[in-house]
Amino acid sequence: MVYIVYLLISMFFIKILDKREKKIGVFFSLGILYFLLAFQFGVGYDYFSYIEIFKGEQEFNSIRGNGFLFYINFLKVITNKEIIFFITSSFIQTVLLYNFLMKLYRNKYIEKIEIYLFILITTTYFLFSLFNTIRSTISSLCFANIFLNYITLKKIKITSILYLFIAAMFHSSFFIGGLLIIIFYAIAKLKCLRKNRMIIYLFICFLLYKIKIIKIIIKFILESNINFYYKYYLESSMAYSPSDGSGVISIIMLMAYILSLIEKKNQTNVEKEYFLNMGVLIYGVSLIINESPILNRLMEYLILFQIFPLQYLMENLETNKLLKVLKMMFLILCLLILLKKIFYKPTREYVYKSIIFNKLE
């Protein structure tokens, strides 16, 4: 219930504040999120691993992020209590997320931050990844900010260099994840990405998702003589679903992405059109790799861009009362998706516990 209460309170405060005070609402919303992140207890698969690494009880391979050890040792100079790791890391996460959201809003890539956050939290794994995969989410948020800095200013800022340093310090996947963002954006700008072709692309991806093509490929790799470092991580039980949905929900989500393409003709902002294309491309890939945990980890770099088509669709459904009803129905569906995550399998990151109360919230 904590996640639901947080979501509703956040949407309320961001919504009631006017445009001049929008940043105050976002600041308040992320302030609550910071409190939840900083004082969590046992949330996610990696929580106790971080504590063991901090205490030196678990060996940390420097290949996974050499600067991360420096970060841990620096925190130990301040205090040897492990809570400092979560307090500091949560601060970095929320500051990076705040900067990203405000860049989107100020550059008019999104009109309503509350809708963007609502869709992001309800339809993706993003909120839970902030608790569960701290290193990779910091790295992915850094690259998201670097990307926005570049496409808005067409130059490399000093802050972008700082973000790049932090991304490299926290997770070794920063290069691959950042490269994926660039590749998807480059493809999204191609003139050949016409509406009909994009719709066909989505149907193909959905078909591959339904026949579980990724499981077939994984089974082939596991039974073959092909060897690589993360081979047996392919069948890890830590898998999660970025597209989240089977049956009726997955079909509705597919239709929503297709409808966003149909409404594309009303899009006058060229950069927003690129983001729409990018989101559709990412969503298609997320369907295909839905049950591959190692590939889903890389999707963390792309989740922030995956929901742009849904965001723009919600913005377009404001022209008359009937469309507003459809918009409300879709947002209710999004909320049901979140409820399904929390109550269907209430374990690990789906159950919030706090060190303050030391009990289930």
Side-chain angles (χ1 to χ4, degrees), residues 2 33-97 125-143 161-178 227-240 293-298 300-301 347-361:
V2 168
L33 178 60
Y34 169 75
F35 180 84
L36 295 175
L37 290 167
F39 299 102
Q40 62 179 293
F41 175 76
V43 182
Y45 285 92
D46 296 340
Y47 178 85
F48 293 106
S49 292
Y50 286 126
I51 291 179
E52 290 173 0
I53 292 171
F54 185 87
K55 292 180 175 180
E57 297 173 356
Q58 181 181 136
E59 185 178 353
F60 182 81
N61 190 338
S62 59
I63 297 177
R64 296 165 60 192
N66 196 34
F68 185 68
L69 290 177
F70 172 80
Y71 171 68
I72 292 292
N73 291 330
F74 174 77
L75 293 179
K76 286 182 177 180
V77 173
I78 302 174
T79 178
N80 60 0
K81 295 183 178 180
E82 61 269 14
I83 191 175
I84 188 65
F85 170 78
F86 296 99
I87 289 175
T88 308
S89 300
S90 301
F91 179 76
I92 296 173
Q93 286 176 307
T94 48
V95 168
L96 289 171
L97 181 57
Y125 189 78
F126 179 77
L127 175 65
F128 304 106
S129 68
L130 289 174
F131 292 92
N132 190 39
T133 53
I134 296 174
R135 294 192 303 121
S136 59
T137 51
I138 288 177
S139 184
S140 62
L141 282 166
C142 283
F143 250 104
I161 297 174
L162 174 62
Y163 290 146
L164 183 63
F165 173 76
I166 295 174
M169 181 175 73
F170 270 84
H171 210 279
S172 57
S173 66
F174 80 98
F175 177 75
I176 299 175
N227 292 306
F228 53 92
Y229 186 74
Y230 286 111
K231 179 177 179 177
Y232 294 101
Y233 191 41
L234 289 172
E235 59 178 353
S236 169
S237 60
M238 293 168 61
Y240 56 82
I294 184 63
L295 295 178
N296 283 339
R297 283 294 181 94
L298 290 176
E300 287 182 2
Y301 286 84
T347 59
R348 296 289 186 175
E349 62 268 35
Y350 296 124
V351 177
Y352 183 78
K353 293 180 68 177
S354 170
I355 61 171
I356 296 177
F357 306 107
N358 197 28
K359 63 179 181 180
L360 292 180
E361 298 296 302

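One is the number of the first residue; the rest follow in order along the sequence.
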Residues that [X] engages under ring pair (Phe, Tyr, Trp, His ring centres under 6.0 Å), provided they are two or more places apart:
X	answer
Phe143	none
Phe86	Tyr47
Phe126	none

Closest heavy-atom contact between [X] and [Y]?
X	Y	value
His171	Ser139	CB-CB, 4.0 Å
Ser90	Ala38	OG-N, 3.3 Å
Leu36	Phe131	O-CE2, 3.6 Å
Ile84	Thr88	O-OG1, 2.8 Å

Going by the angle between their ring planes, with limits at 30° and 60°, are Phe70 and Phe74 parallel, tilted or perpendicular?
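If you compare the ring of Phe70 with that of Phe74, the planes turn out parallel.
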Can you sort out the partners of [X] under side-chain contact (heavy atoms from CB on, under 4.5 Å), two or more places apart, ordered by chain and number?
X	result
Leu33	Tyr6, Leu30, Leu37, Thr94, Leu97, Leu127, Leu130
Glu82	Ile51, Phe54, Lys55
Ser140	Thr137, Tyr301
Ile83	Phe39, Lys81, Ile87, Ile355

Quick one, Ile134 and Asp46 - any side-chain contact, counting heavy atoms below 4.5 Å?
no
Do Val77 and Asn73 come close enough that some side-chain heavy atom pair is under 4.5 Å?
no
To the nearest 0.5 angstrom, please state how far the CG atom of Leu96 sits from the CD1 atom of Ile138.
7.0 Å
Measure the spacing between CD1 of Ile53 and CZ of Phe48 and express it to the nearest 0.5 Å.
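One gets 13.5 Å once the value is rounded to the nearest 0.5 Å.
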Short side-chain to backbone donor-acceptor contact, Thr133 and Ser129, under 3.5 Å
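Indeed, once roles are kept as given, a pair shorter than 3.5 Å links the two residues.
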Name all residues meeting the side chain to side chain donor-acceptor pair (under 3.5 Å) criterion together with Tyr71; count only those two or more places apart in sequence or in a different chain, and write none if there are none.
Ser89
